Amino acid sequence: MPEGHTIHRLALDHGKALAGQVLRVSSPQGRFEDAARLDGLRLVRTEAHGKHLFYVFEKSRVLHVHLGLFGRYFAAKSPATRVRPTTRLLLEGAERSFALVGPTACELLSPTRRRELLARLGPDPLRPDADLDVVRAALARRKTPIGQVLLDQSVIAGVGNVYRAEALLVTGIHPERPCKDLSDDQVDALWATLGRMLQDGVRDRRIITVAPEELPGPRSKIRRKEAVYVYGRRTCLRCGGPVSKLTSANRTLYACLACQTG
DNA sequence: TATGTATGGTAAG
DNA sequence: TTACCCTACATAA
């Protein structure tokens, strides 16, 4: 589930449902002991940076959540009944409640640690403050393969394994191409493509990278493997040729070496 | 019931 | 580079 689009969608949904309210905060599972320090406080706003989700409460207390690979939220009406015992964090507002399960991180963050965390993140294509020049500079310096670098959150924040494969396919870039060898146009196209894909993901609440005119039916009914060009597929949706399964940054990287020659 | 898989990340070696 | 953490869900047995 969780690439940057998921986190930004959560920030929007949770902000809309909970911001301005005094919340009940608990940890049914018991592993988030600081829940008590947030219980009864007013939520000021929510914020997403790449794959990191922040809840800013009054008294300047900041809750940091990172879903990792398995983390997910279950939404329900308030009061929350039948909460799973694995629920690390339960946020209850007047109308809606959100139960967090399986996160990599769920913690209270000091202002200092929050700054340090954000300082480690590259520009997030979903944020208005993202600076493409910073990305350009970072890429121009490296000979690392672009496929590997796209998962490096300190270069671009929010891209995950699906968007990496799909953006490289759409831009026709070979995943093993060294960053510094990419042309300015290629870098610009990659950034624009990632931005568009992530925005669509926020809107659709899922990853659909295939162009609207290429989709076989209504956007809401598209099956997973028909929503992408190469990720998790055996054949390329664009050219019909075989999809290669490479390994990069310890993850499976899907690519169509016929389409991706750049 | 058991197994395999997943759109992520960190710390140790 | 490897080990390890986190959990739900689909599928196989």
Side-chain angles (χ1 to χ4, degrees), chain A residues 1-11 27-33 48-54 64-76 82-90 98-107 109 113 116-122 124-126 144-145 147-170 175 193-210 222-234 237 243 245-255:
Chain A
M1 285 292 169
E3 297 195 25
H5 69 299
T6 303
I7 312 310
H8 281 261
R9 174 38 69 187
L10 287 168
S27 179
Q29 178 197 50
R31 289 188 50 184
F32 177 44
E33 294 181 8
H49 292 257
K51 298 170 187 169
H52 298 263
L53 179 55
F54 299 92
H64 168 232
V65 169
H66 193 293
L67 295 181
L69 190 52
F70 309 133
R72 58 185 295 188
Y73 276 94
F74 295 93
R82 295 199 348 236
V83 176
R84 320 164 100 86
T86 49
T87 300
R88 181 83 57 89
L89 166 75
L90 180 60
F98 301 95
L100 171 64
V101 162
T104 284
C106 175
E107 59 189 352
L109 228 50
R113 288 199 49 214
E116 290 169 351
L117 194 163
L118 293 178
R120 295 202 312 261
L121 295 180
D124 174 352
L126 285 173
T144 320
Q148 182 180 327
V149 166
L150 283 181
L151 288 189
D152 184 341
Q153 302 299 300
S154 71
V155 177
I156 299 177
V159 178
N161 208 18
V162 181
Y163 284 129
R164 143 170 102 161
E166 294 300 302
L168 288 172
L169 181 285
V170 166
T193 300
L194 287 168
R196 178 178 53 73
M197 286 180 171
L198 283 158
Q199 280 174 17
D200 287 351
V202 175
R203 183 195 62 205
D204 297 334
R205 299 172 179 269
R206 56 180 293 203
I207 298 177
I208 302 176
T209 60
V210 173
I222 302 302
R223 289 194 297 254
R224 258 177 165 55
K225 293 208 172 180
E226 293 172 345
V228 292
Y229 289 106
V230 286
Y231 180 82
R233 291 179 54 92
R234 289 183 47 228
L237 194 57
V243 168
K245 281 173 79 169
L246 315 173
T247 296
S248 167
N250 273 329
R251 318 282 300 281
T252 304
L253 193 164
Y254 296 85

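Computation of the quantities below employed the complete heavy-atom set of this structure, encompassing side-chain atoms and omitting hydrogens, waters and symmetry-equivalent molecules. Just so you know, these numbers come straight off a predicted model, no measurement behind them. So that the names make sense, note that chain A is the first sequence line, chain B the second, and so on, each numbered from 1.
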So does [Y] get a backbone contact from the side chain of [X], meaning a donor-acceptor N/O pair under 3.5 Å?
X	Y	value
A/Arg120	A/Ser154	no
A/Arg164	A/Val159	no
A/Glu166	A/Val228	no
A/Thr252	A/Thr247	no

Could you state the atom-to-atom distance from [atom1] of [X] to [atom2] of [N] in whole Å?
X	N	atom1	atom2	answer
A/Leu53	B/dG8	CG	P	16 Å
A/Asn250	B/dA11	CG	P	16 Å
A/Leu69	B/dG9	CG	P	9 Å
A/Met197	B/dT7	CE	P	16 Å
A/Gln153	B/dG9	CD	C1'	9 Å
A/His66	B/dT10	NE2	C1'	11 Å
A/Lys51	B/dT10	NZ	P	10 Å
A/Asp152	B/dT10	CG	P	10 Å

Straight-line distance of [X] [atom1] to [Y] [atom2], nearest 0.5 Å:
X	Y	atom1	atom2	answer
A/Asp124	A/Gln153	CG	CD	9.0 Å
A/Leu198	A/Arg203	CG	CZ	12.5 Å
A/Arg84	A/Leu100	CZ	CG	12.0 Å
A/Arg233	A/Leu169	CZ	CG	10.0 Å
A/Ser248	A/Leu150	OG	CG	8.5 Å
A/Glu107	A/Glu33	CD	CD	13.5 Å

For DNA chain B, which residues in residues 155-169 of chain A have a heavy atom at a distance below 4.0 Å? A/Gly160, A/Asn161, A/Val162
Within residues 99-106 of chain A: residues closer than 4.0 Å to DNA chain B (heavy atoms): A/Thr104
Write down the distance separating the P atoms in C/dC5 and B/dG13, rounded off to the nearest Å. 14 Å
Give me the distance, rounded to whole Å, that separates B/dT10 from C/dA8 when you measure between the P atoms they each carry. 22 Å
First and last nt of DNA chain C near chain A, cut-off under 4.0 Å to heavy atoms, 5' to 3', are C/dT2 to C/dC9
Dump the intermediate steps for side chain to side chain contact (heavy atoms under 4.5 Å, CB included) on A/Leu10 and A/Leu67, then the final yes or no. CA-CA 11 Å; A/Leu10 287 168; A/Leu67 295 181; 3.9 Å; yes
Residue pair A/Arg31/A/Phe74 against DNA chain C: nearer the 5' end by closest nucleotide is A/Arg31
Just so I know, are the side chains of A/Ile207 and A/His5 near enough to count as touching, which here means a heavy-atom distance under 4.5 Å? yes
With A/Arg206 via salt bridge (Lys or Arg N to Asp or Glu O under 4.0 Å) - residues at least two apart: none
Just need the stems in DNA chain B: three or more back-to-back Watson-Crick or G-U pairs, each with both distances under 3.5 angstrom, sorted by first number. B:1-6 with C:7-12, B:8-12 with C:1-5
Under the ring-ring contact (aromatic ring centres under 6.0 Å, His included) test, residues paired with A/His66 that sit two or more places apart: A/His52
